[in-house]
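I have placed the structure first, in the form of structure tokens, so that the comments after it can refer back to it.
Labels below follow one simple rule: chain letters A, B, ... track the order of the sequence lines, proteins then strands, and each chain is numbered from 1.
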Number of protein chains: 2
Amino acid sequence: MTTPAPPPDQTLAFQAHDHSHCCGDLIARAQVIAGERGARLTPVRRRVLEILLEHHRALGAYEVLERLGQDGFGNQPPVAYRALDFLVEQGLAHRVARLNAFIACTHPGQDHSPAFLICRNCQAVAEAPGGGIHAAVETAASLLGFAVERTIIEALGLCPACQEAVE
Amino acid sequence: MTTPAPPPDQTLAFQAHDHSHCCGDLIARAQVIAGERGARLTPVRRRVLEILLEHHRALGAYEVLERLGQDGFGNQPPVAYRALDFLVEQGLAHRVARLNAFIACTHPGQDHSPAFLICRNCQAVAEAPGGGIHAAVETAASLLGFAVERTIIEALGLCPACQEAVE
DNA sequence: CCCTTGACTGTTACTGTATAACATAATTTA
DNA sequence: TAAATTATGTTATACAGTAACAGTCAAGGG
């Protein structure tokens, strides 16, 4: 599974950008992607995706849930978890294991197993191109005869902005 | 993808071996390592490490806690979490984010950020050599100007034995 | 048009994971 | 030995996730 040259939006989370644009754009693409797969982007699901898109950081299910409740949706955990599970299945969002939290996918539609870069200072999360990393995991695993099905790649550290801000 | 002979201890978790030997040995090494770092391997901490070493799989904090209680130690969550946090800080154990669980380090004393191979069938967890993987993560991160401090690398799949057992 | 079907949402109730805060005990240092 | 530090025990609570069931809504078949 090789990854072509990274598209220009890879550093999105770590750069200034027209955020309202990137949100609206991704919602529209999500609508299309879901339609193609015969899945329905219902109001709750759409709202959850919007909530995730309002940030470039991972949100806990209960953070999402609180906003859902404010918007008149159900405010019990399964409401949030079901919508989040749907978005993850459709590749529209990802789960960040380290944070027990969820984040909108910044380039949906492509089949990808992402590598996350998590800033410990500002909590921003970016998706890095993961091709080379996955190849390295495959190599290491095959030495032990292990058959990889899925990988979790998460790096903790400092984003460009916070490297200057923090000592 | 060929499978050359792996180094002897890397596949430990996936092979038959003298388990009582590997436990006693690692406890002794832990004692030394802690001493060198000015840290105290107290009875609770030592017992927690023993509990982890009795398995080659990750144990939840509450599994550890239950055994601690049976041995006359405190049976409230902080007792287990504090001991586990200590072991992780000293490099004597690792946290497996995917499983919200902990596992004894199979080669402590070396400064290493491990890559875990998690069998979804038998729950065994092995540490894979992570050098190449970390290099790949560094490369990907540096393209975005991100400074990596720690990495979480976990692969889910089937260990050699379970590839035969499971269809 | 109504009815059935299946998918989605809402709710209750619960299990599991983790930490804050404070009291007590043991160990080290002065 | 006293003071300071470090570790342990305990209570209480916050955060994460799921099972089970009831109600609702949209789409297709008679």
- prompt: Under 4.0 Å between a side-chain N/O of A:Thr42 and OP1 or OP2 of C:dA7, yes or no?
  reply: no
- request: Give the B/S/- string for nucleotides 17-30 of chain C, one per nucleotide from 5' to 3', where a protein heavy atom under 4.0 Å of the base yields B, of only the sugar-phosphate yields S, and otherwise -.
  value: BBBBB-----S---
query: Any side-chain heavy atom of A:Leu87 within less than 4.5 Å of one from A:Phe102?
result: no
message: Quick one: does any side-chain atom of A:Glu50 pair with a main-chain N or O of A:Ile27 as donor and acceptor, under 3.5 Å?
response: no
- prompt: Separation of A:Leu87 atom CG from C:dT9 atom P, in whole Å?
  reply: 11 Å
- request: Specify the separation, in whole Å, of atom CG of B:Leu68 and atom P of D:dA7.
  value: 16 Å
- prompt: Which part of the nucleic acid, if any, lies within reach of A:Val44 when heavy atoms closer than 4.0 Å are counted: base, sugar-phosphate only, or nothing?
  reply: sugar-phosphate
statement: Separation of C:dC8 atom C1' from A:Phe86 atom CZ, nearest Å, is 11 Å
message: Filter on salt bridge (charged side-chain N to carboxylate O under 4.0 Å, His left out), then keep only pairs touching residues 67-76 of chain A, sequence neighbours left out; what's left?
response: A:Arg47-A:Asp71, A:Glu54-A:Arg67
message: Expressed as a whole number of angstroms, how long is the span from B:Phe73:CZ to D:dT8:P?
response: 9 Å
field: A:Asn75 CG to C:dT12 C1', straight-line distance once rounded to whole Å
entry: 12 Å
task: Round to a whole Å and report the spacing from CG of A:Leu41 to C1' of D:dA26.
output: 16 Å
- prompt: Do B:Glu127 side-chain atoms and B:Pro114 backbone N/O form a donor-acceptor pair below 3.5 Å?
  reply: no
message: With a 3.5 Å distance limit and no angle check, can you tell me whether B:Glu149 reaches the backbone of A:Leu156 through a side-chain donor-acceptor pair?
response: no
Anything under 3.5 Å between a donor and an acceptor, one on a side chain of residues 76-85 of chain B, the other on a protein residue two or more places apart or in another chain? List them.
none

- prompt: Can you tell me how far P of D:dA26 sits from CZ of A:Arg45, to the nearest Å?
  reply: 14 Å
A:Arg37 CZ - C:dA7 C1' separation (whole Å): 17 Å
